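Working notes for the structure below.
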Amino acid sequence: MIAQAQRLEHIQEYYFSGKLREVRQMVAQGKKVINMGIGSPDLPPSPQVITAMSNAVNDSFAHEYQSYQGLPELRESMARFYSRHFDVELNPATEILPLMGSKEGIMHVSMAFLNEGDKVLIPNPGYPTYISATRLVGAQPVFYTLSEQNNWEPDFDALDETDWSRVKIMWTNYPHMPTGAKGSRTMFEKLVALAKKHDFLIVNDNPYSFVLNDSPLSVFQVEGAKDVALELNSLSKTFNMAGWRVGMISGNPDLIASVLKVKSNMDSGMFYGIQKGAVAALNSDSGWFSMLNETYGKRRELIYEMAEKLGCTYKTDSAGLFVWAKLPEEVASAEAYIDEVLYGKDIFITPGTVFGSAGEGYIRFSLCVNESQISEAIQRL
């Protein structure tokens, strides 16, 4: 047998890859499983987005290789989007790089800035891909704990005790996944000051800003943040375009140029029609967000009811596509608990431990399930 690369020794299959395979097997056996596990929007993009993509297919150069930096029109739309919604000015020529989804950007950033042995600060709980990307490039994950008592924001007193000698990157993610904590301008100001003091790069992963959130935040709202920060964003959640794979990374020209060195060796440009659809999405008016959030708001109220059926507690001031709920004290294992619900009631919910040890005692519900399915799940309980 051909041995796998050593870099894969500490990499596991992504949790949802394996668990959803199990769910599909249950469905194939006739089980009517209600999947509340993943945040894959079940709603379509706007008709304008579909039309823009469809019309673009007939353009004479639609099927050629596209620019590694994307269409100028796309970068300009991204810049206007940041200006309009975040009050942040970005140069579309040098400070924005379109991506095939922000998940791609996590790996690109890791390859662009990390050397073997560098340390990376990763939130616990947090998105598992930060860990796997760090390990794939030979860097070392160092976890900083987020807690409900601190509103799932970094504990800056604890961070003061960190050995910063080899820290190269700190991953942040607000609104936070999985907890839905919104973060704050003050928090970002402290993070930027910390990065300047210890000479490391903040990378803020920001795909949930417009889902059930009236106050979108960007790290670049802090003066001087471009000196020490990059920000990832995505059209997946905001515009129901998860399968289209459209995201972006922004920051100062030198940092973006480093990411481009990696990206330009990894792909041959994004399909023209998808870029034109993305332009239409980014130009959406406020009515789009109102409609989206009205739907998710109704679903969230039902999820609250479901959480209460399970004896869970939750906060109502969170943002994003999920409800993060605390299990009853007597529940010893989140994973064992969700398996009981899956096999006993044919309902798949995510255990908090997927996102790190600090997720023990919690479960996560997705809002990407229609109201009738949530009502059915409540009846099953």
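It should be emphasised that the depicted structure is a prediction, and the values quoted were computed from it without experimental measurement. When reading the values below, keep in mind they use all heavy atoms of this one structure, side chains included, and skip hydrogens, waters and symmetry mates.
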*Flag the pair Glu231 / Tyr82 as yes when at least one side-chain heavy-atom distance between them is below 4.5 Å, and no otherwise.*
yes
*Inter-residue atom distance Ile249.CD1 - Leu255.CG, 0.5 Å rounding*: 8.5 Å
*Looking at His176 versus Phe355, is the centre-to-centre ring distance below 6.0 Å?*
no
*For the pair Trp152 and Trp324, name the ring-plane relationship: parallel under 30°, tilted 30 to 60°, perpendicular over 60°.*
perpendicular
*Any side-chain heavy-atom pair from Phe113 and Ile169 closer than 4.5 angstrom?*
yes
*Between Asn124 and Ala358, what is the shortest heavy-atom contact and its length?*
OD1-N, 3.0 Å
*asked:* How about CG on Asp214, more than 12 heavy atoms from neighbouring residues, nucleotides or ligands closer than 6.0 Å, or not?
replied: no
*Does any N or O in the side chain of Glu73 come within less than 3.5 Å of the main-chain N or O of Lys276, such that one atom is a donor and the other an acceptor?*
no
_Salt bridge check, Glu376 against Lys32: does any charged N sit closer than 4.0 Å to a carboxylate O?_
no
*Rounded distance (nearest 0.5 Å) linking atom OG of Ser258 with atom CG of Leu97*: 11.5 Å
*Aromatic ring pairing Phe81/Phe289, orientation class (parallel under 30°, perpendicular over 60°, tilted between)*: tilted
*Taking the side chain as every heavy atom from C-beta outward, state whether Ser234 and Val246 have any pair of such atoms under 4.5 Å apart.*
no
*Short side-chain donor-acceptor distance under 3.5 Å, Asn233 and Ser250*: no
*Using atom types as modelled and distance alone, determine if a side-chain donor or acceptor of Asn240 lies under 3.5 Å from a backbone N or O of Pro44.*
yes
*So does Asp87 have more than 12 non-hydrogen atoms from other groups sitting under 6.0 Å from CG?*
no
_Looking at every non-hydrogen atom in both residues, tell me the closest pair between Pro41 and Gly39 and how far apart they are._
CD-O, 3.3 Å
*Applying the side-chain contact (heavy atoms from CB on, under 4.5 Å) test to Asn204, which of Thr172, Leu230, Leu232 qualifies?*
Thr172
*Within the side chain of Trp288, is there an N or O that forms a donor-acceptor pair under 3.5 Å with the backbone of Asn283?*
no
*For residues Phe200 and Met170, report the shortest heavy-atom separation together with the two atoms involved.*
CE1-CB, 3.5 Å
_Would you compute the distance between atom NE2 of His85 and atom CG of Leu282 and round it to the nearest 0.5 angstrom?_
8.5 Å
*Evaluate the side-chain contact (heavy atoms from CB on, under 4.5 Å) criterion for residues Met26 and Phe348: first the C-alpha distance (whole Å), next the side-chain angles of each, then the deciding distance (0.1 Å), finally the verdict.*
CA-CA 11 Å; Met26 293 177 66; Phe348 174 46; over 6 Å; no
*Any donor and acceptor pair, going by atom type alone, linking the side chain of Asn150 with main-chain N or O of Leu146 inside 3.5 Å?*
no
*Would you call Leu159 and Tyr144 a side-chain contact if the rule is heavy atoms closer than 4.5 Å?*
yes
*Is Lys309 salt-bridged to Glu305, going by a charged N under 4.0 Å from an acidic O?*
no
*Will you find, in the side chains of Arg80 and Ser83, an N or O donor that is under 3.5 Å from an N or O acceptor?*
no
*Establish whether Met100 and Tyr65 are linked, either directly or via other cluster members, by ILVMFWY side-chain heavy-atom contacts under 4.5 Å.*
no
*asked:* Counting C-beta onward and ignoring hydrogens, is there a side-chain heavy-atom pair between Ile363 and Ile338 closer than 4.5 Å?
replied: yes
*Do the non-hydrogen side-chain atoms of Thr350 and Ser366 ever get within less than 4.5 Å of each other?*
no
_Check whether Arg364 reaches the backbone of Phe322 with its side chain - one donor and one acceptor, N or O, closer than 3.5 Å._
no
*Side-chain donor/acceptor of Asp59 to backbone N/O of Phe61, under 3.5 Å*: no
*Looking only at non-hydrogen atoms, find the nearest pair between Pro141 and Thr134 and report the distance.*
N-CG2, 3.8 Å
*Atom NZ of Lys196 with >12 non-hydrogen neighbours under 6.0 angstrom*: yes
*In plain terms, say whether Asp267 and Arg245 are close enough for a salt bridge, that is, a side-chain N and a carboxylate O under 4.0 Å apart.*
no
*Are Asp155 and Ser147 side-chain neighbours, meaning at least one heavy-atom pair lies under 4.5 Å?*
no
*What are the two closest heavy atoms between Asn213 and Ala319, and how far apart are they?*
CB-CB, 3.7 Å
_As an exercise, state the distance from CG of Asp339 to OH of Tyr337, rounded to the nearest 0.5 Å._
12.5 Å
*Would Ser318 and Tyr208 count as a side-chain contact (heavy atoms from CB on, under 4.5 Å) if you check the C-alpha gap in whole Å, the side-chain angles of each, and the deciding distance to 0.1 Å?*
CA-CA 11 Å; Ser318 60; Tyr208 295 99; over 6 Å; no
*Looking only at atom types and distance, does a side-chain atom of Asn151 sit under 3.5 Å from a main-chain N or O of Glu153, one as donor and one as acceptor?*
no
_Contacts of type salt bridge (charged side-chain N to carboxylate O under 4.0 Å, His left out), residue Arg84, not counting sequence neighbours_ = none
*Please check if the side chain of Thr238 supplies one atom and the backbone of Leu235 the other of a donor-acceptor pair under 3.5 Å.*
no
*Just checking, any donor-acceptor pair under 3.5 angstrom between side chains of Glu64 and Tyr272?*
no
_So, using side chain to side chain contact (heavy atoms under 4.5 Å, CB included) as the criterion, who are the partners of Gln373 when residues are at least two apart?_
Ile34, Val369, Asn370
*asked:* Distance check, rounded to the nearest 0.5 Å: Ile96 atom CD1 versus Leu74 atom CG?
replied: 8.5 Å
_Tyr304 ring center near Phe365 ring center (under 6.0 Å)_ = no
*Between the side chains of Asn173 and Tyr127, does any donor sit under 3.5 Å from an acceptor?*
no
_Going by the rule side chain to side chain donor-acceptor pair (under 3.5 Å), which residues pair with Tyr362 if we only count those two or more places apart in sequence or in a different chain?_
Glu148
*4.5 Å side-chain heavy-atom contact, Leu292 and Phe210*: no
*Decide if atom CD of Glu329 counts as having more than 12 heavy atoms of other residues, nucleotides or ligands within a radius under 6.0 Å.*
no
*Compare every heavy atom of Met270 with every heavy atom of Leu99, then report the nearest pair and how far apart it is.*
O-CE, 3.2 Å
*Has Asp160 got more than 12 heavy atoms of other residues, nucleotides or ligands less than 6.0 Å from its CG?*
yes
*Rounded distance [0.5 Å steps], CD1 in Ile374 versus CD in Glu301*: 11.0 Å
